[in-house]
Structures are given as structure tokens and as C-alpha cells.
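No hydrogens, no waters, no symmetry mates; every other heavy atom, side chains included, goes into these values. It should be emphasised that the depicted structure is a prediction, and the values quoted were computed from it without experimental measurement. Below, chain A is the first sequence line, B the second, and so on; all start at residue 1.
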Amino acid sequence: MEKYDPKKIEPKWQKRWEEDKSFCADDNSTKKKYYCLIEFPYPSGDGMHVGHIRSNTAMDIIARKRRMEGYEVLYPIGWDAFGLPTENYAIKTKTQPAIVTKKNTDNFRKQLKSLGFSFDWSREVNTTDPTYYKWTQWIFLQMYKKGLAYKAKMPINWCLSCKIGLANEEVVNGRCERCGGPTDRREKSQWMLAITKYADRLIDDLKDVDFLEKIKTLEKNWIGRSEGHEVKFSICNSQFSIDVFTTRLDTIYGATYLVLSPEHTLIKNIESEIENLEAVREYQQNARCKTEIERTEADREKTGVELKGIKAINPANGKKIPVWISDYVIATYGTGAIMAVPAHDDRDREFAEKFGLPIIDVIEPMVTKIGGDDKFRNEEKTSERRAVVAIIKHWSEDKYLAAKWLKTGWQGFVIGGIESGEEIGEAGIREIVEETGYMNPKFVKKLGGTIHARFWQSVKNENRVAHFEPALFELIDGAIKEPTEEEKKLHQFSWLTKEEMCAFITHDDMAIAWNRVYEGQCKPNPECERSGILINSEACNGLTTREATGKLEELPEIKPKTTFKLRDWVFSRQRYWGEPIPVIQCLLCGEMPVGEDELPVTLPPVDNYMPTDSGESPLANIEEWVNTICPSCGGPAKRETDTMPNWAGSSWYWLRYTDAHNEEKFADTNKLQAWTPVDWYNGGMEHVTLHLLYARFWNKFLYDEGLVPTVEPFIKRTTHGMVLAENGVKMSKSKGNVVNPDSLVEAFGADSVRLYEMFMGPFDQEIAWNTSSIAGVRRFIERLWKLQEKIDLKSEVEMPDDTRVLIEQTIKKVGEDIEEMKFNTAISTLMILVNKLEKLQTMPKHEFEKLVLIVSPFIPHVGEELWSRLGNKDYTHKELWPVFDTSKLETNNIIISVQVNGKFRATLSAKRGDSEQIVRDKACMSENVYKWISGKEIMKVIYVKDKLINILTQ
RNA sequence: GGGCCAGUGGCGGAAUUGGUAUACGCGCAACACUUAAAAUGUUGUCCGCUAUGCGGUUGCGGGUUCGACUCCCGCCUGGCCCACCA
């Protein structure tokens with residue numbers, strides 16, 4: 001037998017596949033289609049990364065399995081080649097980006113081919129190819145026509161070192177996502193895409209796709225839909241008004257001031273009325289100069305300036321309230337203005353406390369007992385009462401008095417009714433002395449607002465609506481008078497530390513009170529703090545949050561409104577290496593789209609790729625390119641010099657794969673119909689909020705235009721974990737820890753590299769690379785290879801029963817694991833089978849062939865080679881995926897484990913389906929078991945059929 | 001601060017309607033083959049002990065159960081994403 005030599009067999013099969021166009025998808029096939037997609041790579045100068053190989057192999061396995069299941073599979077590949085690294089390289093080396101890109105894609109292509117991926121190379125696309133970006137520009141023009149692409153002067157994120165505008169998505173913690181440098185905000189005229197018009201659908205349509213739940217959650221949170229109200233506050237003595245967005249309309253009576261973002265447009269309109277205009281301007285100026293990093297620093301102290309002379313009118317109660325500006329209000333979210341409710345919003349409270357603004361409690365947190373003996377009984381009589389919750393501090397230690405009600409089991413604090421006309425402190429002291437016997441309590445302070453509780457007061461046999469007023473008391477000394485016998489029967493008292501108290505408290509109302517002493521350490525049900533009863537709210541007093549919201553909605557100044565965190569997509573880049581935006585500025589006609597027949601607007605060669613200091617693209621310096629004629633009047637005009645962002649080309653590439661060489665359309669309708677939507681799209685988690693959202697947006701737009709057949713582009717989306725360097729950090733060229741797949745293929749062969757990438761750990765988790773472990777999978781391949789020697793070509797030998805069962809089980813498990821992307825366990829199952837087969841002297845050919853077929857998607861070169869050596873003429877991927885025989889999945893001889901009192905003591909052999917009695921008798925006869933049960937009475941026997949018996953003795 | 005996830009040998013990791021924890025692989029050790037080494041093969045490899053047996057062990061502490069890596073409650077640690085979003 002020949003030695004296993006990947007250097008010989010891998011190029012051989014790769015060549016045959018290519019010559020036979022084995023993996024070219026047939027548009028006209030009558031088979032069911034299956035579209036597998038991976039995120040097309042950015043061809044960087046560093047060459048391919050072992051991470052690329054991991055996700056490509058995973059989809060390759062699925063694509064190959066689908067072919068064996070009888071599908072016509074499309075598994076295409078291309079290059080997402082526009083981008084900053086190439087441009088930066090061009091700036092440094094004065095090489096044309098197109099030439100760099102060519103070199104890099106050639107290298108990537110060679111690397112991918114060396115790994116035996118079953119890509120359809122006939123459909124290769126490249127986003128930087130004018131025949132491709134012609135259609136990127138064309139789609140842009142369609143959006144332009146529908147008003148979805150528009151130019152706007154607006155503050156944008158500006159990277160100080162890249163000198164380009166960035167989308168919000170490209171700013172991470174105030175820093176440029178690409179270079180890590182600081183960013184600030186600048187007013188620039190930018191092209192925008194109105195993705196927010198699709199915000200609702202981008203959320204709602206998620207219900208119809210098979211994405212991992214975490215992906216859906218991430219997208220939803222990113223879009224950030226928030227239901228609330230827009231409230232119009234008119235300004236005294238002015239025609240202007242301020243719209244604010246709030247999700248807590250019910251707190252409007254507590255809105256004691258308004259806050260505008262420093263950039264708010266109203267300020268300009270009412271300048272003449274502002275008495276301290278200088279100070280306001282200075283604040284605006286400061287806010288503008290602050291970089292995004294400074295603005296997003298956590299726990300930054302609140303700043304702001306009042307617009308003196310300006311008062312807004314609260315539409316709920318007609319009160320005049322001051323208007324401030326502060327950078328804690330974000331210009332681009334909601335309306336860029338808020339009504340501040342310091343009593344019920346932490347940020348507003350911080351601001352109000354700093355600037356001495358009034359704080360009015362308008363919500364009593366409500367605690368309604370909904371379960372247990374003290375559940376509020378709607379049908380019974382109800383009485384209402386004010387009561388003080390006395391939190392009593394020890395005279396010398398940091399301990400507090402805990403009270404337990406002996407009749408009900410409630411645990412909390414001393415509580416006493418407040419008589420009419422009585423002060424809280426007064427009532428508390430009276431109650432403390434009465435109930436606890438401590439003679440010298442002192443009132444310290446009130447603790448926040450009232451807590452509204454509704455419960456069944458079993459002692460009094462009635463419902464109670466209680467308004468609890470938490471207050472802090474301190475004992476001056478330990479002087480105590482023995483309480484009466486009657487009191488002793490009611491309560492039991494103890495001194496507890498803060499931590500002990502948290503554990504002691506049994507009810508949410510007490511927990512809320514305690515939280516005001518020991519901030520946030522006790523955790524009441526958060527629902528209690530959110531929903532409550534209105535107070536200090538005039539007509540709404542006594543209503544619940546929900547009722548009040550409904551009532552307030554009737555006011556003409558208030559209307560329901562939905563807001564999103566998602567903003568429109570900044571679509572301009574002041575860079576060279578991107579798709580030119582196909583728009584012309586005519587001196588007479590203004591903004592004119594380039595005619596569709598003029599596309600593509602191609603990139604001219606330039607000498608200097610450096611962006612200009614004014615922030616314009618290097619294209620602005622190419623006069624012969626910039627100067628053109630107006631498509632409408634024929635007069636002199638200038639081309640738009642901004643280019644599209646990196647994300648443009650990847651927002652529709654899967655559509656182009658269906659018809660990669662079409663010169664008339666971005667893709668033929670029939671071919672789109674034949675192949676889309678993508679059945680399974682795998683990619684990185686990091687692309688879920690950017691690329692995936694953009695791609696779904698473009699697809700929805702094209703769907704609305706009748707240009708693609710489905711609303712959603714991808715049926716199923718999964719993610720892979722990142723491959724890290726051996727020490728667990730990210731691989732990067734600058735750290736010099738990038739593992740080169742070429743040397744691995746050279747040393748171990750492509751099949752070993754593929755197999756290791758799949759075996760190293762769970763596919764969806766990030767994992768550190770470990771080159772020494774490849775030896776293990778290489779050994780496995782060698783052992784599989786050697787099994788050839790044991791084949792009985794005539795298939796005359798019988799296989800032992802348990803081995804045949806194992807083969808069927810392996811077929812089942814491998815098939816299921818591939819579907820769930822549990823490649824690591826699929827491979828270990830295959831290893832177990834090979835270990836077993838090795839022990840045989842000989843085995844029938846047809847059984848071994850099953851194994852060859854199910855390993856072939858993982859290690860296709862070995863699969864193909866073994867398959868042909870067994871005398872088969874066709875490729876493995878043209879064979880049918882083996883079907884396991886359900887009747888052979890299990891043997892009749894089974895092992896049952898025996899427990900005595902839940903401890904494992906023995907195992908026994910039995911026949912499938914044996915009755916409890918048989919198993920029990922066998923178990924009791926076993927020496928190991930007998931030892932444990934002799935002399936003891938058997939109380940109970942638990943029998944799990946065909947699995948386990950548990951004998952319980954006294 | 002909010003959301004999501006994870007924690008199992010020296011290492012990567014298996015094990016889910018709750019049923020023999022550590023499969024599979026790496027590494028390590030011993031042995032065989034060899035002049036030798038590599039490669040290969042065989043055996044062993046969670047911890048403790050009075051050792052053919054017994055006890056303990058899945059981050060920590062409780063709970064439910066005949067039985068818990070798995071379910072529930074409370075903590076600790078680590079990671080990822082979002083973050084002044086009204």
C-alpha cells in the first residue's frame with residue numbers, strides 16, 4: 001500500500017475538480033437549489049488568516065453534504081476589495097490600489113484553492129472591478145431617485161488621523177474603529193442613506209428568519225426601537241415651541257425643567273430672547289470641540305447652562321419652567337430635547353442637584369401583593385392609611401432594628417400609623433417607644449418619597465392601601481423598658497448589620513425603603529419602581545402609570561411617537577479607494593444624477609492618494625476628472641468627489657453571484673429567482689450590526705422596487721468564533737503572531753489543516769490556535785488511510801454486530817452534528833469509529849465506503865482518493881449521503897447501571913426491554929450489589945428502562 | 001450602569017427531556033520495535049487513602065430530587081456587546 005502523501009493527492013484532485021468544473025452551479029438544474037454563503041474576504045496584504053479557513057471549511061462541509069443530499073449547490077466566492085488598508089498601502093508606496101488589489105487577490109485565490117474548497121470559481125466577483133461597481137452605483141441611483149439617498153449638512157464623526165467622516169457604527173468608544181485614533185464632530189455636507197425608513201421592518205421581519213437568537217437580539221438592540229410620546233412645550237412670548245421625546249409621559253407633572261442638546265436648532269431662532277447669550281454660545285462652542293471620547297467618558301460630571309429669559313410651558317399643568325442646554329442630551333436621538341424629571345430619572349436628578357433645580361416626586365412606587373396569604377382581595381373592603389416605616393439605627397454600632405411580625409411572618413421594620421395632623425417624626429417616635437420599648441429614639445430624616453402598597457391585612461381582616469413614609473431614626477442610648485406581654489406576642493426584634501438586613505427583608509415595599517439607606521444593595525422586584533401611583537399630579541393623582549398615560553394622551557400637545565437609536569447611514573467617504581458617488585453638480589441645474597447609461601463612473605489613476613487637508617477626497621485634485629458636463633443642460637459641471645463607504649459593495653454581492661457576468665442588469669430576474677434567498681449565511685458576530693443590517697436594508701429596498709424576489713436576503717444566519725493566536729490574543733500583523741496557512745498546508749496537507757480547524761473546539765466560540773495539535777488529526781487521517789489494507793473487496797466477511805451498529809450510529813451522529821455546526825463532536829465520533837475498525841482483521845468494502853462518504857466533506861482529497869481506490873469511478877460529492885438504518889442503531893445487548901441508594905455500585909448485562917423484575921433479580925444477585933443491600937430492607941426500587949436501576953434501602 | 005455568554009484534568013474540550021463526569025484529541029510516562037533517534041504500536045494518565053477496594057471531585061454556598069455538570073435561589077470570577085438613547 002502506498003503511503004499517505006497529501007502532496008501527491010491534493011493537487012491531483014484539485015486539478016480534476018477544476019477541469020471538470022465540479023463545483024460550478026448549474027442555473028438550469030432541475031434539482032432543488034441550495035445557496036451557501038460565506039462573507040467574502042477582504043484581500044489584505046498579509047494573506048489569508050487561519051480564521052478565514054475555519055469558516056470557509058465549515059460552509060464547505062455543509063455545501064458538500066448538500067450536494068450529496070441531492071441539491072444543486074451554489075457556494076460562491078469573491079473579494080470585498082475596497083478599503084482603507086489597501087489605500088494606506090498605496091499612499092505609503094505610491095502604488096496604484098488596483099495593482100495592490102490584483103496582487104492580493106491572486107495570493108488569496110491561490111491559498112483558497114490549495115485548501116480544496118468547493119467554490120464556484122466561475123462566479124468570482126470583485127467589488128473594485130468597474131463591471132461590478134457599475135451596479136453598486138446603479139443601485140445607489142435607484143435609492144437616489146426614491147429620495148433614500150440625500151445630501152445633508154450635519155455634524156458627522158470625524159477621524160482626526162484618517163481625516164475622513166465615519167458612520168456612527170465606525171466609532172467605537174469615541175475612537176475610530178479602523179485606526180484607533182480620536183474622533184470629533186464636524187459639520188460637513190454628506191451623502192446619507194435613509195436606513196431609518198426601514199427601521200421598523202428591519203426589526204419586525206426578523207421574526208420570519210432563522211437567525212441565532214443572540215443575533216436577532218443584537219440587531220434589535222442596535223436599531224433600538226423605543227415607544228413613547230412626543231410632547232410640545234410652547235415657549236412663553238414666542239411663536240416657537242420645543243418638542244421633547246419621553247417614554248415616561250406619566251411623569252410629566254414632575255418635569256421641572258427642559259434640557260436641549262447644545263446643537264439644538266431652536267437656540268438660533270430665539271437668540272434675541274436669551275439674556276445670557278454669551279455664556280450659551282461659549283457652552284455650545286465647548287461642546288462642539290469636545291471629542292467624542294470626552295463626551296462619552298463614563299461618570300462625567302454634568303454640565304450645562306440655563307437659557308435665561310426663556311421659559312417653557314408644561315402642557316399638563318401650564319406651569320412655566322426653565323430651559324437649559326447640556327451635552328448629556330444627544331442631538332441626534334429623539335428630538336434632541338428632553339423634559340427633565342429629576343425625581344424619577346437618575347441623570348436628571350444629578351443635573352438638578354448640581355444646579356439647584358426643583359425635584360418633585362410624582363410617582364409612588366406601588367407594591368401590590370399578588371400572591372400568598374396577603375394577596376390583595378379585590379372583592380373585600382378596603383381602607384387607606386398613611387404609615388411611617390421607621391428604620392432605626394443602633395446607638396453605638398452600625399446595626400439596624402429588624403422586626404418580625406409573629407402573626408403574619410412579615411419581616412421588615414417597625415411600622416406605625418400616622419394620625420391626621422401628625423408629623424412623620426412624631427408618629428415614628430411614638431410607635432418606636434410603644435412597640436420596641438426603646439425610650440430615646442431621635443428622628444434623623446425622611447427617606448425619599450412615599451411607597452404605595454396594597455395588600456390583605458389579615459389581622460384586621462380588610463384590604464389595606466398603605467402610603468408608607470420611610471424615615472430614619474437613631475437611638476440616643478440603649479435605655480429600654482420591657483414591652484407589654486401583648487406587644488411581645490406581636491413582634492420580635494433583633495439588631496442586624498446592613499448585609500443581614502438585605503437577606504432578612506421579605507417584602508418589596510420594605511426593600512424599597514431599605515434601599516434608600518443602603519443604596520441599591522437590596523433588590524426589590526424592579527417592576528415595583530417602574531409602575532406606580534401618581535401623586536402631585538393634579539387631575540392624574542391616584543391613577544396608575546398606565547391610566548395616567550392614557551389620560552394625558554388626550555392633550556393636543558401630546559402624541560405617541562416611536563424613536564430609534566439607529567440613525568441614517570453616513571454614506572460619504574473623502575477617500576480614493578471606493579466607488580465614486582455617481583452625482584454631478586451643475587452650476588445651473590444643481591445636483592444631477594449621472595445617467596444610468598454613463599455608468600460606471602470609474603476611478604481615474606492619480607499620483608497622490610493622500611486625502612486633502614480640507615477633508616476632500618484625493619479625487620478633488622484631478623481636474624480633468626472632476627470637470628465634466630451637465631447631463632441635463634450640457635453646461636460645465638463638477639463630479640462628486642466623495643466615494644462610497646466600504647460597506648457598499650458588500651450590501652448586495654450575494655445577488656451578483658447569481659449572475660456574475662451580466663452586462664445588462666445587476667442580475668437576471670430568473671437567476672435571482674432560481675438562487676435567492678441565501679439558504680445559509682455564516683459570518684462573524686462583528687458583522688451583525690453593520691454589514692448584515694446594511695445588506696438586509698438594500699435587499700428590502702430592491703424588493704420594494706420589484707428587483708429581487710424576497711423581502712429577506714438570508715434565511716439562516718450563523719456565526720463562527722474568532723481564531724486567536726496561541727496565547728489567546730488577537731492575531732495581527734503588527735503583533736507578528738499571524739499563523740500562515742501556506743506553511744501548515746505544506747507541512748501537514750490541506751486535509752489535516754481543514755480537519756484541525758473543525759476539531760479544535762466548538763465552532764461558534766473563539767479559540768486559541770495550537771499548531772502542535774494538528775499532529776493528532778494528521779494521525780487520524782493516516783489511520784483511516786491504513787484501513788484500506790483491511791478491506792475485503794468482495795464484501796464476503798461479516799462484520800461484528802456491535803461494529804455495524806457503531807457505523808450506523810456514526811452516520812446518524814455525524815449528519816446531525818454537521819447540521820448544528822458541531823463539527824468537533826462529529827470528528828470525535830469519526831475517530832471513535834476508526835479506532836474500532838482498526839481492531840478488525842478485515843471488513844467488507846461496502847461498510848468502509850459509508851465511512852469514506854461521511855468523512856469526505858471534511859477531508860475531500862482523502863475522501864476522493866480512497867473512493868477511487870475502492871474502484872469507484874465518480875466523485876464522492878456525486879454519491880448520495882449514506883442513510884442510517886434505524887433498525888440497526890441499537891443492539892439488543894445492553895448494559896444497565898445499578899445504584900444502591902443513589903451510589904453506583906455495579907453494571908449488568910441485559911437484553912433490551914427486560915422487565916424491572918428481571919433486572920432487579922439480576923442486580924440483587926450481583927456480588928457488588930449484594931454486599932450493599934444484605935441485611936437491609938429494600939424500601940423502593942427506581943427503574944429506568946434499559947438504562948438504570950436504583951435500589952433504595954433503609 | 002444595561003444586555004448576553006461562559007467557568008469541567010497539565011491543555012483544547014465531551015456529556016441536556018436530570019441517569020456510570022472527564023468521550024475524542026493534545027501533552028506526559030513506561031514498555032515494544034531500533035545501534036540510536038524519529039515515526040509507529042501497546043499500556044497508563046482527575047485527586048486522596050490503610051489501594052482488586054473506599055471516599056472525594058464539574059468556580060463558591062444553599063435548595064429541589066432516589067439521583068444534579070445539567071433544574072432553582074444567592075454569590076465569586078472571566079469574556080463579549082451596548083452604554084448620558086430620555
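Comparing B:A86, B:C24, B:G3 by their nearest atom to the side chain of A:Asn221 picks out B:G3. Here the side chain of A:Ile895 is nearest to one of B:C54, B:U20, B:C81, namely B:U20. Nearest to the side-chain atoms of A:Ile338 among the listed nucleotides B:G56, B:C84, B:A86 stands B:A86.
The two atoms that bring A:Ala255 and A:Met339 nearest to each other are CB-CB, 3.9 Å, heavy atoms only.
Residues that satisfy the ring-ring contact (aromatic ring centres under 6.0 Å, His included) test with A:Tyr756, not counting sequence neighbours, are A:Trp769.
A cation-pi geometry, defined here as NZ or CZ lying under 6.0 Å from the six-membered ring centre and within 45° of its normal, does not hold between A:Lys302 and A:Phe351.
Distance noted for atom C1' between B:A36 and B:U57: 44 Å (whole Å). Across B:C80 and B:C75, the matching P atoms stand 23 Å from one another, rounded to whole Å. The gap from the C1' atom of B:U65 to that of B:U77 amounts to 29 Å, rounded to the nearest Å. A gap of 24 Å separates the C1' atoms of B:C76 and B:G10, to the nearest Å. B:C69 and B:G19 have their C1' atoms separated by 13 Å, with the value rounded to a whole Å. Taking the P atoms as reference points, B:C46 lies 15 Å from B:G25, given to the whole Å.
Atom pair A:Leu952:CG and B:U65:P shows a separation of 13 Å (rounding to whole Å applied). Counting to the nearest Å, the C1' atom of B:C81 and the CG atom of A:Leu212 are 15 Å from each other. Rounding to whole angstrom units, CG of residue A:Leu692 and C1' of B:C81 are separated by 15 Å. If you take CD of A:Glu227 and P of B:A86, they are 12 Å apart, rounded to a whole angstrom. The CD1-P distance, from A:Ile896 to B:U20, rounds to 13 Å in whole Å. The distance from atom CG of A:Leu833 to atom P of B:G25 is 12 Å, rounded to the nearest whole Å. When the C1' atom of B:A23 is taken as reference, atom CD of A:Gln809 falls 14 Å away, rounded to whole Å. The nearest whole Å value for the distance from the CZ atom in A:Phe748 to the C1' atom in B:C26 is 12 Å.
Its glycosidic angle being within 90° of 0, B:G9 falls on the syn side.
Using a 4.0 Å heavy-atom distance criterion, A:Asp348 is classed as making no nucleic acid contact. Looking at heavy-atom distances under 4.0 Å, A:Arg905 makes contact with sugar-phosphate atoms alone, never a base. Across all strands, A:Thr246 comes closer than 4.0 Å only to sugar-phosphate atoms, never to a base (heavy-atom distances).
Inter-residue side-chain proximity for A:Phe245 and A:Val231 is flagged as unmet; no heavy-atom pair is nearer than 4.5 Å.
Nucleotide B:G1 forms a Watson-Crick or G-U wobble pair with B:C82, both donor-acceptor distances falling under 3.5 Å. The partner of B:G9 cannot be assigned: no Watson-Crick or G-U wobble pair with both contacts below 3.5 Å exists in any strand. Figure legend. B:C46 is base-paired to B:G56; pairs are counted as Watson-Crick or G-U wobble with both atom distances under 3.5 Å. Under the Watson-Crick or G-U wobble criterion, with both distances below 3.5 Å, B:C33 is left unpaired in every strand shown. For B:C71, the paired nucleotide is B:G63, the pair qualifying as Watson-Crick or G-U wobble because both relevant distances are below 3.5 Å.
Between A:Glu808 and A:Lys812 there is no salt bridge, since no side-chain nitrogen of the basic residue lies less than 4.0 Å from a carboxylate oxygen of the acidic one. Electrostatic pairing of A:Glu557 and A:Lys232 does not count as a salt bridge here, judged by no charged N lying under 4.0 Å from a carboxylate O. By the 4.0 Å N-to-carboxylate-O rule, A:Asp250 lies close enough to A:Arg248 to be salt-bridged with it.
Taking 3.5 Å as the limit, the base of B:C81 and the side chain of A:Lys214 contain no donor-acceptor pair of atoms between them.
Side-chain nitrogen and oxygen atoms of A:Lys903 include at least one within less than 4.0 Å of the OP1 or OP2 phosphate oxygen of B:G56.
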Could you list, one pair per line, each protein nitrogen or oxygen that sits under 3.5 Å from a nitrogen or oxygen of nucleotides 12-19 of chain B, together with the distance?
| unit_1 | atom_1 | unit_2 | atom_2 | d |
| --- | --- | --- | --- | --- |
| B:G12 | O2' | A:Met760 | O | 2.5 |
| B:A14 | OP1 | A:Asn824 | ND2 | 3.1 |
| B:G19 | N2 | A:Gln899 | OE1 | 3.0 |

Nucleotides 37-43 of chain B: which of its N/O atoms have a protein N/O under 3.5 Å away?
| unit_1 | atom_1 | unit_2 | atom_2 | d |
| --- | --- | --- | --- | --- |
| B:U40 | OP1 | A:Arg779 | NE | 3.4 |

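Side-chain atoms of A:Asn737 never come within 3.5 Å of backbone atoms of A:Ala725 as a donor-acceptor pair (strictly under, hydrogens ignored). Judged purely by atom type and a 3.5 angstrom limit, A:Lys947 has no side-chain atom pairing as donor or acceptor with the backbone of A:Ile896.
Taking for each of A:Ile832 and A:Tyr333 the nucleotide of RNA chain B with the nearest heavy atom, the 5'-most of the two is the partner of A:Ile832.
A salt bridge (charged side-chain N to carboxylate O under 4.0 Å, His left out) with A:Glu782 is found for one member of A:Arg778, A:Lys786, A:Arg779 and no other, namely A:Arg778.
Atom NZ of A:Lys216 has more than 12 neighbouring heavy atoms from other residues, nucleotides or ligands inside a 6.0 Å radius.
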- request: Evaluate the side-chain contact (heavy atoms from CB on, under 4.5 Å) criterion for residues A:Arg225 and A:Lys220: first the C-alpha distance (whole Å), next the side-chain angles of each, then the deciding distance (0.1 Å), finally the verdict.
  value: CA-CA 7 Å; A:Arg225 180 158 61 191; A:Lys220 281 182 204 160; over 6 Å; no
